[in-house]
Amino acid sequence: MGDPKFSRRSYDTPSHPWQGERIKAELVLVNQYGLKNKTEVWKAQSVLRNFRKQARELQARLRGGDAQAKKESDALLGKCGRMGVLPIEGATLNDILALNEENILGRRLQTLVFEKGMASTIGQARQMIVHGHIFMNGHKVTVPGYIVTRKEESSIEYNPASPFTDEMHPMRITAEQAAANLAAKLAAEKVEKAAEEVSEEEPVDQEE
């Protein structure tokens, strides 16, 4: 099992340290989700990689008629549903293979605190969590990277002893600001998606 003082690393680092496109993509995620460093991106990628590996193995076993694989696939889909990365019902193993890092990073406590309008910026959300201003399930949680389940999401609130419980606190975000932040996020995602579609069409035009 190993010495508890020397726990094993729970993520895999990139196989090659100097890949320009990968580095740029990681920087975008670090800035978008207010991460401390790229280690948090690698942790999300490791979780995603583990899900995909299980999904591919289960698909092969299901094609072979393994009855146990059906139970394991239902358990895996149920876990992803409880995490909030997939719908509770109607999801398939192919949906797991279609997941990306943003699906995992979007379930972090820091991200949800920002999206709920409890913080004006994604950076402030991290600071509030680390400083103990956020409660979940009636307990203080100080880990920004904590993966919040669907059941726990509704219990996120301010620490009752925090000055942020005062609606007149100067750092409290208003409902209008929260709506504006959400609209800006959706607009950015729309622009990014459109840019990706254009980049996919360009090679076809060049070939013609």
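Side-chain contact between E152 and M136 is present, with heavy atoms from C-beta onward closer than 4.5 Å. Side-chain contact between T111 and E115: present, with at least one pair of heavy atoms (C-beta onward) separated by less than 4.5 Å.
Going from atom CD1 of I134 over to atom NZ of K116 covers 10.5 Å, rounded to the nearest 0.5 Å. With rounding to the nearest 0.5 angstrom, the CG atom of L62 is 12.0 Å from the CD atom of E57. The line from CG of L109 to CD of E153 is 10.5 Å long, rounded to the nearest 0.5 Å.
Taking every heavy atom of both residues into account, V148 and I156 meet most closely at CG1-CD1, 4.3 Å. In terms of heavy-atom proximity, S120 sits nearest to F114 at O-CE1, 3.5 Å. Nearest heavy-atom pair, R150 versus G81, reported as atom, atom and distance to 0.1 Å: NE-O, 2.6 Å.
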Show me the side-chain donor-acceptor pairs of residues 73-80 shorter than 3.5 Å, one per line, residues at least two apart or across chains.
| unit_1 | atom_1 | unit_2 | atom_2 | d |
| --- | --- | --- | --- | --- |
| S73 | OG | A69 | O | 3.2 |
| S73 | OG | K70 | O | 2.8 |
| D74 | OD1 | K70 | NZ | 3.1 |
| D74 | OD2 | K70 | NZ | 2.9 |

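The list of salt bridge (Lys or Arg N to Asp or Glu O under 4.0 Å) pairs with a residue in residues 31-45, not counting sequence neighbours, reads E26-K38, E40-R108, E40-R126.
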* Asked: Step by step, would you call N94 with Q59 a side-chain hydrogen bond (donor to acceptor under 3.5 Å, both in side chains)?
  -> CA-CA 9 Å; N94 286 330; Q59 283 181 330; 2.7 Å; yes
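With side-chain heavy atoms closer than 4.5 Å counting as contact, directly or through intermediates, V130 stands alone and belongs to no larger hydrophobic cluster.
The aromatic rings of F164 and Y158 sit parallel, their planes meeting at an angle under 30°, below the 60° perpendicular limit.
Both V113 and V143 belong to a single network of hydrophobic side chains, linked directly or stepwise wherever heavy atoms of I, L, V, M, F, W or Y lie under 4.5 Å apart.
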